[in-house]
Peer 1: 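Sending over a structure as structure tokens; questions will come in a sec.
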Amino acid sequence: MLSALILIPFVSAAIIGLSPLPAKNSRNFAIIAAVSVLVINILIGFQFNFKLEGLQFAEDIPWIQWLGLNYHIGIDGLSFPLVLLNSLLTVIAMISTSPTIARQKLYYSMILLLSGGAAGAFLAQDLLLFFLFYELEIVPLYFLIAIWGGERRGYAAMKFLLYTAISGILVLASFLGLVWLTGETSFDYQAVRGHTLPLNSQLLLLAPLLIGIFIKIPIFPFHTWLPDAHVQASTPISVLLAGVLLKLGTYALLRFGVGLFLEGWVYLAPWLAILASISALYGASCAIAQKDMKKVVAYSSIAHMAYILLAATATTRLSMVAAVFQMVSHGLISAFLFLLVGMVYKKTGSRDVDYLRGLLNPERGLPVTGGLMILGVMASSGLPGMVGFISEFLVFRGSFPIFPIPTLLCLVGTGLTAVYFLLVVNKVFFGRLTEGLTQLPPVRWKEHAPAFVLLLLIVAFGLRPDWVTHWSEVQAVALLTGS
């Protein structure tokens, strides 16, 4: 059943790309494939036992045994919410794409490859298999930015390619060193996890792994590829980039950083907590200085992803659950904000905070988009009743007893979130409508439908956080006990 989450996107991408299927039909075919994956994910959710530790629905098939590589996949409470998020945002990204986009067959093939690769990485229980899926993400995302991006798409795509390639090399070096030092003959996650290496060896392997993961998340000072990638990428690709691709890094942080090198992780935790607070403050400070709405959301992502690192460093029961919750929360909220920024750009042709004014005008502006943006700002700023409040409260509550100063600094970052988003909302949506933008094209309800779906989940998980925490609680804690 789990293989379907990987194979359906891959096979569908091949059919779209290689078959004589008319280009105009590729969109419908891709959406059907993506929805099928989402339905299978939901069915898995109904059968998933959240009270059990360890893998469920596991599949272990020998593949290239002389290399120590097996097709070993499985799902647990750590991977399930992220696999589900991936399938949901894939559907959202496809529906949000213009039906008239150029080179549709290649475009939808790349998105399906991206989705299948992300699912494979979240499900892989073999280190080498994870690396293959981790690296596979680079190719489709490179083309999605380089072909359908903005004016400086070539520069942004190449920068993304170089950074993430280096990230993969560092992760692979850590995995190879781990297998070599443990004396294992395979890259099986549970097999290598059964060994306990000396602290010095753990630190030696953890260092390249962390740098590789920090590039992917990204954490300051390894973040510079992200704003360029977001600004140049189209709206649907920004949704996938923020909602799914960045989560590969935070997922690896918990699965491999904490799961494989717990002693070394705890040793480095105080320094990592300081780094998390610096990254949070840096991202928030940079967001205040931006004039491009998309860059504001991009730098906001750097700040909010740092909260996940902070939670992971505390290694308490609550903080580990908080780290997973923050992943889901950020995935939903950032995707929601990018959709709305994309809508503003689509209707006005600008994202310039200093140019746009009065878009909340009920007659000639974008009142529904403005209203949704205000709700998105409230969610990202951690106002009660929405998922952002729960995730940040859990992060800070779980981290404060262990690292009070870094936690307080991150709390300042949360305060800055409200500042930069309110500045954007106040400038762009209130006041008199900008001259020259007096007759904006109306936004049809179906154009806002993907944003409404995300808003529904943002509110639902904010009111019923147990719907998320019960997915991950048992497995997140199991990472700390070594079981």
Peer 1: Can you list the steps and then say if Asp228 with Lys159 is a salt bridge (Lys or Arg N to Asp or Glu O under 4.0 Å)?
Peer 2: CA-CA 8 Å; Asp228 291 316; Lys159 194 172 182 180; 2.9 Å; yes
Peer 1: Residues in side-chain hydrogen bond (donor to acceptor under 3.5 Å, both in side chains) with Ser319, at least two apart?
Peer 2: Thr316
Peer 1: Taking the six-membered ring of Tyr107 as reference, does the cationic atom of Arg103 (NZ for Lys, CZ for Arg) lie under 6.0 Å from its centre and within 45° of its axis?
Peer 2: no
Peer 1: Distance check, rounded to the nearest 0.5 Å: Glu447 atom CD versus Ile95 atom CD1?
Peer 2: 13.0 Å
Peer 1: Keeping the roles fixed (side chain from Ser115, backbone from Thr90), state whether a donor-acceptor pair exists under 3.5 Å.
Peer 2: no
Peer 1: Any chance the side chains of Ser300 and Tyr420 put a donor and an acceptor closer than 3.5 Å?
Peer 2: yes
Peer 1: So, do His304 and Thr417 sit near enough that their side-chain heavy atoms are less than 4.5 Å apart?
Peer 2: yes
Peer 1: So, do Ser167 and Tyr134 sit near enough that their side-chain heavy atoms are less than 4.5 Å apart?
Peer 2: yes
Peer 1: Please determine if Glu473 and Lys51 form a salt bridge, counting it only when a charged side-chain N lies under 4.0 Å from a carboxylate O.
Peer 2: no
Peer 1: Between the side chain of Trp225 and the main-chain N/O of Ile215, is any donor-acceptor distance below 3.5 Å?
Peer 2: yes
Peer 1: Considering residues, nucleotides and ligands other than Glu151, do more than 12 of their heavy atoms fall under 6.0 Å from its CD?
Peer 2: no
Peer 1: Ignoring hydrogens and geometry, is there a side-chain-to-backbone donor-acceptor pair from Gln47 to Ile44 under 3.5 Å?
Peer 2: no
Peer 1: For Asp352, does its backbone N or O pair with a side-chain atom of Ser350 as donor and acceptor, under 3.5 Å?
Peer 2: yes
Peer 1: For the pair His223 (side chain) and Ile219 (backbone), establish whether a donor and an acceptor sit closer than 3.5 Å, ignoring hydrogens and angles.
Peer 2: no
Peer 1: Just so I know, are the side chains of Thr414 and Phe396 near enough to count as touching, which here means a heavy-atom distance under 4.5 Å?
Peer 2: yes
Peer 1: Any donor and acceptor pair, going by atom type alone, linking the side chain of Asp76 with main-chain N or O of Ser79 inside 3.5 Å?
Peer 2: yes
Peer 1: Any chance you could lay out the salt bridge (Lys or Arg N to Asp or Glu O under 4.0 Å) test for Glu137 and Lys216, step after step, and finish with the verdict?
Peer 2: CA-CA 11 Å; Glu137 296 302 303; Lys216 196 79 168 184; over 6 Å; no
Peer 1: So does Ile16 get a backbone contact from the side chain of Ser26, meaning a donor-acceptor N/O pair under 3.5 Å?
Peer 2: no
Peer 1: Taking Arg255 for its side chain and Ala252 for its backbone only, find out whether a donor-acceptor pair lies under 3.5 Å.
Peer 2: no
Peer 1: Around atom CZ of Phe220, are there more than 12 heavy atoms from other residues, nucleotides or ligands closer than 6.0 Å?
Peer 2: yes
Peer 1: Using only heavy-atom distances, determine whether the side chains of Thr164 and Tyr142 contain a donor-acceptor pair under 3.5 Å.
Peer 2: no
Peer 1: Please give me the minimum heavy-atom distance between Ser301 and Leu226, naming the atom from each residue.
Peer 2: CB-CD2, 4.5 Å
Peer 1: Pair Ser12, Tyr108 - check side-chain hydrogen bond (donor to acceptor under 3.5 Å, both in side chains), show working.
Peer 2: CA-CA 9 Å; Ser12 300; Tyr108 289 109; over 6 Å; no
Peer 1: Determine whether the aromatic ring centres of Phe48 and Phe50 lie less than 6.0 Å apart.
Peer 2: yes
Peer 1: Shortest non-hydrogen contact from Ala314 to Ile402?
Peer 2: O-CG1, 3.8 Å
Peer 1: Can a donor-acceptor pair be found, under 3.5 Å and without considering hydrogens, that links the side chain of Arg27 to the backbone of Met94?
Peer 2: yes
Peer 1: State, yes or no, whether a side-chain contact exists between Val368 and Phe452 at a heavy-atom distance under 4.5 Å.
Peer 2: yes
Peer 1: Any Lys/Arg nitrogen of Asp292 or Arg351 sitting under 4.0 Å from an Asp/Glu carboxylate oxygen of the other?
Peer 2: yes
Peer 1: With a sphere of 6.0 Å drawn around CZ of Phe143, does it hold more than 12 non-hydrogen atoms of other residues, nucleotides or ligands?
Peer 2: no
Peer 1: For residues Leu310 and Pro406, report the shortest heavy-atom separation together with the two atoms involved.
Peer 2: CD1-CB, 4.1 Å
Peer 1: Does Leu114 reach the side chain of Val139, with side-chain heavy atoms less than 4.5 Å apart?
Peer 2: no
Peer 1: What is the minimum heavy-atom distance between Leu337 and Ser380, and which atoms define it?
Peer 2: CD1-CB, 4.2 Å
Peer 1: Taking the side chain from Ser279 and the backbone from Leu275, do they hold a donor-acceptor pair closer than 3.5 Å?
Peer 2: no
Peer 1: Does any part of the side chain of Val37, heavy atoms only, come nearer than 4.5 Å to the side chain of Pro9, both counted from C-beta?
Peer 2: yes
Peer 1: Report yes if the side chains of Leu372 and Phe336 come closer than 4.5 Å at any heavy-atom pair, otherwise no.
Peer 2: yes
Peer 1: Between Phe122 and Tyr251, does the ring-ring contact (aromatic ring centres under 6.0 Å, His included) criterion hold? Intermediate values first, please.
Peer 2: CA-CA 8 Å; Phe122 290 134; Tyr251 169 80; 5.3 Å; yes
Peer 1: Are more than 12 heavy atoms from other residues, nucleotides or ligands located less than 6.0 Å from atom CZ of Phe393?
Peer 2: no
Peer 1: CH2/Trp471 to CG/Asp466 distance, rounded to the nearest 0.5 angstrom?
Peer 2: 10.5 Å
Peer 1: Any side-chain heavy atom of Thr250 sitting closer than 4.5 Å to one from Leu254?
Peer 2: no
Peer 1: Hey, can you pull the donor-acceptor pairs under 3.5 Å for the side chains in residues 237-248, sequence neighbours left out?
Peer 2:
{"from": "Ser238", "atom 1": "OG", "to": "His230", "atom 2": "O", "distance (Å)": "3.3"}
{"from": "Ser238", "atom 1": "OG", "to": "His230", "atom 2": "ND1", "distance (Å)": "3.3"}
{"from": "Ser238", "atom 1": "OG", "to": "Lys294", "atom 2": "NZ", "distance (Å)": "3.2"}
{"from": "Lys247", "atom 1": "NZ", "to": "Ala242", "atom 2": "O", "distance (Å)": "2.6"}
{"from": "Lys247", "atom 1": "NZ", "to": "His330", "atom 2": "ND1", "distance (Å)": "2.9"}

Peer 1: So which atom in Pro441 and which in Leu366 form the shortest heavy-atom distance, rounded to 0.1 Å?
Peer 2: O-CD2, 4.1 Å
Peer 1: Considering only distance and modelled atom types, tabulate donor-acceptor pairs under 3.5 Å from the side chains of residues 384-391, sequence neighbours left out.
Peer 2:
{"from": "Ser391", "atom 1": "OG", "to": "Gln326", "atom 2": "OE1", "distance (Å)": "2.8"}
{"from": "Ser391", "atom 1": "OG", "to": "Ser329", "atom 2": "OG", "distance (Å)": "3.1"}
{"from": "Ser391", "atom 1": "OG", "to": "Val387", "atom 2": "O", "distance (Å)": "3.3"}
{"from": "Ser391", "atom 1": "OG", "to": "Gly388", "atom 2": "O", "distance (Å)": "3.0"}

Peer 1: Which atoms form the tightest heavy-atom contact between Ala379 and Ile333, and what is the distance?
Peer 2: O-CD1, 3.6 Å
Peer 1: What about Phe256 and Phe130, are their ring centers closer than 6.0 Å?
Peer 2: yes
